[in-house]
Visitor: 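Let me begin by handing over the structure; questions about it come next.
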Amino acid sequence: GRRGPKHVQIPVGLLSAPAPAWREETHAEGRLLPDPQNVLAAAAMLGRARRPLAILGGGAAQAAAELGRLLPRLGAAAFTTYAGRGTVDPGYPLWLGSMLARPGSREVIASADLVLVIGSRLSEVDIWREDLGHTGRMIRVDTDADAPVDRARSSYTIRADARAFCAALEEALGDRQAPPGWTPVEC
C-alpha cells in the first residue's frame, strides 16, 4: 500500500471469526507481479474492446516505455491524471491530455467500451466531479490494495505493479492488432 500513518480498528466479534487462507504475493525485483490468470482475463476483455480507453496515473509513470508499445497495440485512447503526466508521449495520436476534468471528458469516457485504469486512485482531484462517467467495463490495476475499492465502479481489479502488468499484458495479447475504434480527430 501507500506509505503513511495507519490506524487499524477491528471489531471484537471479527477477531474470533474464521479467516480465508493466506495467499503469498509474488514479487520480483521488489515489484508486485500480477497473477497470470488475471492478466489473461484482462487480455481477453481488451481483445473484445473496440474503443478501449486508458487512464494512467502517477503509479503508471514507471511503465512509460511499456505503455508506449502497448497503447498502439490496443488502439487505446489515453488520458493521464495530473500525477501521470509524462507517461504518454505527447506525440501519441490518441493522447487526450492530462485533464480528466476538462469539458467534454465525461462524454469521451462514456464513449469507450472498456476503461483501463493503471496506477490511479481516480480521486476527487483527478476528475473534479462525482463520477468518472464511464458506461463500459473498467479494469483497475494498482499496487495499493485499497485503490480499486472505491466509487469508480471497477468491473475487474488487478493488484500489480504497472510495469510488470504492462509487460505481462503485452505478452498475453499475442499478435493482437489495434481495432479501428478511435481516430486522432476525436483525440
Side-chain angles (χ1 to χ4, degrees), residues 1-6 32 34 42 45-46 48-163 165-166 169 178-187:
R2 298 191 194 270
R3 292 189 175 115
K6 306 287 188 234
L32 181 61
M45 284 187 266
L46 285 159
R48 291 187 298 274
R50 294 293 149 240
R51 288 176 60 90
L53 172 70
I55 298 176
L56 310 167
Q62 61 179 309
E66 289 82 0
L67 287 162
R69 294 186 303 271
L70 190 58
L71 291 173
R73 286 189 63 200
L74 294 172
F79 274 111
T80 60
T81 65
Y82 190 73
R85 288 172 303 149
T87 305
V88 178
D89 179 344
Y92 178 58
L94 302 179
W95 186 51
L96 295 158
S98 60
M99 289 296 296
L100 281 169
R102 77 177 194 197
S105 67
R106 180 189 298 262
E107 291 76 20
V108 172
I109 294 166
S111 74
D113 59 352
L114 186 137
V115 178
L116 172 63
V117 180
I118 302 176
S120 175
R121 289 177 174 248
L122 294 177
S123 69
E124 216 172 71
V125 297
D126 289 324
I127 60 176
W128 293 103
R129 58 182 176 255
E130 279 296 311
D131 61 73
L132 187 61
H134 67 293
T135 55
R137 299 186 77 183
M138 178 189 286
I139 300 171
R140 295 283 305 270
V141 180
D142 205 296
T143 57
D144 188 345
D146 295 328
V149 184
D150 65 0
R151 63 179 187 202
R153 292 190 314 109
S154 305
S155 304
Y156 200 75
T157 59
I158 299 173
R159 188 162 178 235
D161 167 88
R163 205 169 101 217
F165 171 76
C166 290
L169 182 59
W182 295 99
T183 63
V185 173
E186 292 176 280
C187 300

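In this text, all values refer to a predicted model and were calculated from it rather than measured experimentally. FYI, side chains are in, hydrogens and waters are out, and symmetry mates aren't considered; it's all heavy atoms of this structure.
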Visitor: Is there side-chain contact between M138 and Y156, with at least one heavy-atom pair below 4.5 Å?
Guide: no
Visitor: What's the separation between atom CZ in R163 and atom CG in L32, rounded to the nearest 0.5 Å?
Guide: 13.0 Å
Visitor: Determine, step by step, whether W182 and L53 satisfy the side-chain contact (heavy atoms from CB on, under 4.5 Å) criterion, reporting the C-alpha distance in whole Å, the side-chain angles of both residues, the deciding distance to 0.1 Å, and the verdict.
Guide: CA-CA 9 Å; W182 295 99; L53 172 70; 4.3 Å; yes
Visitor: Write down the atom of R69, the atom of P72, and the distance for their closest heavy-atom approach.
Guide: O-CD, 3.5 Å
Visitor: Evaluate side-chain contact (heavy atoms from CB on, under 4.5 Å) for R121 paired with D144, printing each intermediate quantity in order.
Guide: CA-CA 9 Å; R121 289 177 174 248; D144 188 345; 2.4 Å; yes
Visitor: Is any side-chain heavy atom of R140 less than 4.5 Å from a side-chain heavy atom of V115?
Guide: no
Visitor: Just checking, R85 and Y82: is the charged tip under 6.0 Å from the six-membered ring centre and within 45° of the axis?
Guide: yes
Visitor: To the nearest 0.5 Å, how far apart are CZ in R106 and CG in L100?
Guide: 11.5 Å
Visitor: What distance do C166 atom SG and L70 atom CG have between them, rounded to the nearest 0.5 Å?
Guide: 5.5 Å
Visitor: Decide side-chain contact (heavy atoms from CB on, under 4.5 Å) for V117 and I139; before the verdict, give the C-alpha distance in whole Å, the side-chain angles of both, and the deciding distance to 0.1 Å.
Guide: CA-CA 6 Å; V117 180; I139 300 171; over 6 Å; no
Visitor: Quick check against the 3.5 Å criterion: does Y92 have a side-chain atom that pairs as donor or acceptor with the backbone of A77?
Guide: no
Visitor: My understanding is that only residues two or more places apart in sequence, or in another chain, count here; which of them pass salt bridge (Lys or Arg N to Asp or Glu O under 4.0 Å) with R48?
Guide: none
Visitor: Taking the side chain as every heavy atom from C-beta outward, state whether I158 and F165 have any pair of such atoms under 4.5 Å apart.
Guide: yes
Visitor: If you compare all heavy atoms of A64 against all heavy atoms of G86, which two are closest, and at what distance to 0.1 Å?
Guide: CB-O, 4.4 Å
Visitor: Given T81, which partner from the list S98, S120, S123 fulfils the side-chain contact (heavy atoms from CB on, under 4.5 Å) test?
Guide: S120
Visitor: Can you measure from OG1 (T87) to CG (L56) and round to the nearest 0.5 angstrom?
Guide: 6.0 Å
Visitor: Hey, are the side chains of M99 and S105 touching, using non-hydrogen atoms and a 4.5 Å cut-off?
Guide: no
Visitor: Could you check whether any side-chain heavy atom of L116 comes within less than 4.5 Å of a side-chain heavy atom of V141, counting everything from C-beta outward?
Guide: yes
Visitor: What's the spacing between W95 CH2 and T80 OG1 if we round to 0.5 Å?
Guide: 5.5 Å
Visitor: For a quick test of reading the model, state the closest non-hydrogen atom pair linking A76 to A54 and the distance between them.
Guide: CB-N, 4.4 Å
Visitor: Of D126, V88, I127, L96, which meets side-chain contact (heavy atoms from CB on, under 4.5 Å) against F79?
Guide: L96
Visitor: Considering only heavy atoms from C-beta outward, does the side chain of L94 approach that of P184 to under 4.5 Å?
Guide: yes
Visitor: Tell me, do E130 and E124 make a side-chain contact under 4.5 Å, heavy atoms counted?
Guide: no
Visitor: Does some side-chain heavy atom of L46 sit less than 4.5 Å from a side-chain heavy atom of L169?
Guide: yes
Visitor: To the nearest 0.5 Å, what is the distance between CZ on R137 and OG on S155?
Guide: 5.0 Å
Visitor: Please list, chain by chain and in numerical order, all residues satisfying side chain to side chain contact (heavy atoms under 4.5 Å, CB included) with A49, sequence neighbours excluded.
Guide: P52, D113, L114
Visitor: Run R159 and T143 through side chain to side chain donor-acceptor pair (under 3.5 Å) and show every step you take.
Guide: CA-CA 5 Å; R159 188 162 178 235; T143 57; over 6 Å; no
